[in-house]
Amino acid sequence: MTSIFAADGKQTACTIIEAEPNTVTQVKTLDTDGYTAIQLGFGEKKEKHTTKAELNHFSKAQTTPKKFVKEFRNYSVSKNIGETISLVDLFEEGDQVEIVGTTKGKGFQGVVKRHGFSGVGEATHGQHDRSRAPGSLGGSSYPSRVFKGLRMAGRMGGDRVKVKGLKVVKIFPEKNYILISGSVPGHNGSIVLIQK
Amino acid sequence: MQEAVKYIHEQLTVGKTLPKFKAGDNVTVNYKIVEGGKERIQGFRGDVLKKQGTGATASFTVRKISDGVGVERLFPLLSPNIDSIILNKVGKVRRAKLFYLRERSGKSARIKEKRVK
């Protein structure tokens with residue numbers, strides 16, 4: 001992350017996204033597939049790590065094997081198979097975007113961190129070793145069970161998350177960098193989806 | 001990823017020349033203030049407590065004693081609102097962060113001046 005100044009001196013924290021051009025690996029049409037979609041590939045992959053089926057699929061588009069492939073149903077670009085789409089041309093400074101990514105894995109976490117419980121909050125009045133405990137799980141003889149979906153400790157993070165209302169602050173077309181206001185899900189170097 | 005941050009910092013910091021200063025120096029920061037649609041420049045003179053961050057995110061803290069009350073102000077180094085920074089005195093200090101000055105007042109809060117040739 002970094003930050004950028006507006007003309008009036010206001011500083012905005014922003015995330016750098018390296019948006020390399022994507023290659024169209026397949027165009028699905030109503031006649032052949034029953035629906036329309038465009039399949040984009042991104043990132044290079046070695047040939048020895050590619051299965052023969054994948055290799056043939058990419059060779060149809062006359063490109064090298066791609067690491068990540070994603071299909072888009074609603075699209076406005078008209079590109080043929082094998083052509084590249086430059087992402088820095090797709091977005092403009094000031095655009096509102098949504099970012100989809102996988103959040104950082106936090107491991108097994110308690111209810112205070114995972115669900116925002118307050119904890120006990122008091123160290124005195126007989127409290128001991130329970131400052132971050134979840135408290136009661138519910139009633140006793142009725143309902144004689146714990147309700148489904150009750151918030152408890154467990155694995156946190158590593159979820160697919162969409163962040164809305166972010167803004168494209170600046171674009172560096174020569175290096176394919178896009179600066180987006182605020183933070184985006186995931187660790188450094190993770191892959192995100194930018195939606196307009 | 002580090003390369004990307006470095007590149008963007010180079011792009012953002014281009015064309016900015018500020019005097020070199022460090023913690024312990026006495027500086028005057030001439031800061032642009034918009035008041036009722038009019039812009040004027042206000043000076044803030046004090047000792048630099050710390051400099052932190054790199055590239056486009058770097059900032060520094062200036063502390064002064066105003067009417068017997070310590071006032072600290074944090075400036076982003078590359079803010080477009082900074083009109084100029086004037087280096088008044090070069091201080092002789094042994095630390096990079098001078099937070100110990102907050103507990104001191106009067107004589108003991110002075111910083112020795114370094115004679116620059």
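Naming: A, B, ... by sequence-line order, numbering from 1 per chain.
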Assess whether atom [atom1] of [X] is packed by more than 12 heavy atoms of other residues, nucleotides or ligands within 6.0 Å.
X	atom1	result
B/Arg40	CZ	yes
A/Glu47	CD	no
B/Arg95	CZ	no
A/Lys28	NZ	yes
A/Asn74	CG	no

Item checked: Joint hydrophobic cluster, A/Val192 plus A/Val88, side-chain heavy atoms closer than 4.5 Å ->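 Yes, A/Val192 and A/Val88 fall within the same hydrophobic cluster.
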Note to self: Same cluster or not: B/Val48 versus B/Leu101, using hydrophobic residues (I, L, V, M, F, W, Y) connected whenever any side-chain heavy atoms lie under 4.5 Å apart?
What the structure shows: no
Margin query: Quick check on A/Ala6 against chain B: is it the side chain, the backbone, both or neither that has a heavy atom closer than 4.5 Å?
Written below: backbone
Looking only at heavy atoms, which two atoms of [X] and [Y] are closest? And how far apart?
X	Y	answer
B/Pro80	A/Gly9	CG-CA, 3.6 Å
A/Asp8	B/Asn81	O-ND2, 3.3 Å
B/Pro76	A/Phe5	CB-CZ, 3.4 Å
A/Tyr177	B/Ile8	CD1-CD1, 3.9 Å
A/Ser3	B/Thr57	OG-CG2, 3.2 Å

Check: Who wins among A/Met1, A/Lys175, A/Gln11 for the most heavy-atom pairs under 4.5 Å with chain B?
Finding: A/Lys175
Notebook entry, point to check: Hey, which of A/Lys10, A/Lys170, A/Glu174 has the most heavy atom pairs under 4.5 Å with chain B?
Noted result: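 Maximum pair count with chain B is reached by A/Glu174.
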Check: Where does B/Ile82 contact chain A at under 4.5 Å (heavy atoms): side chain, backbone, both or neither?
Finding: neither
Check: To the nearest 0.5 Å, how far apart are CG in A/Leu179 and CD in B/Gln11?
Finding: 10.5 Å
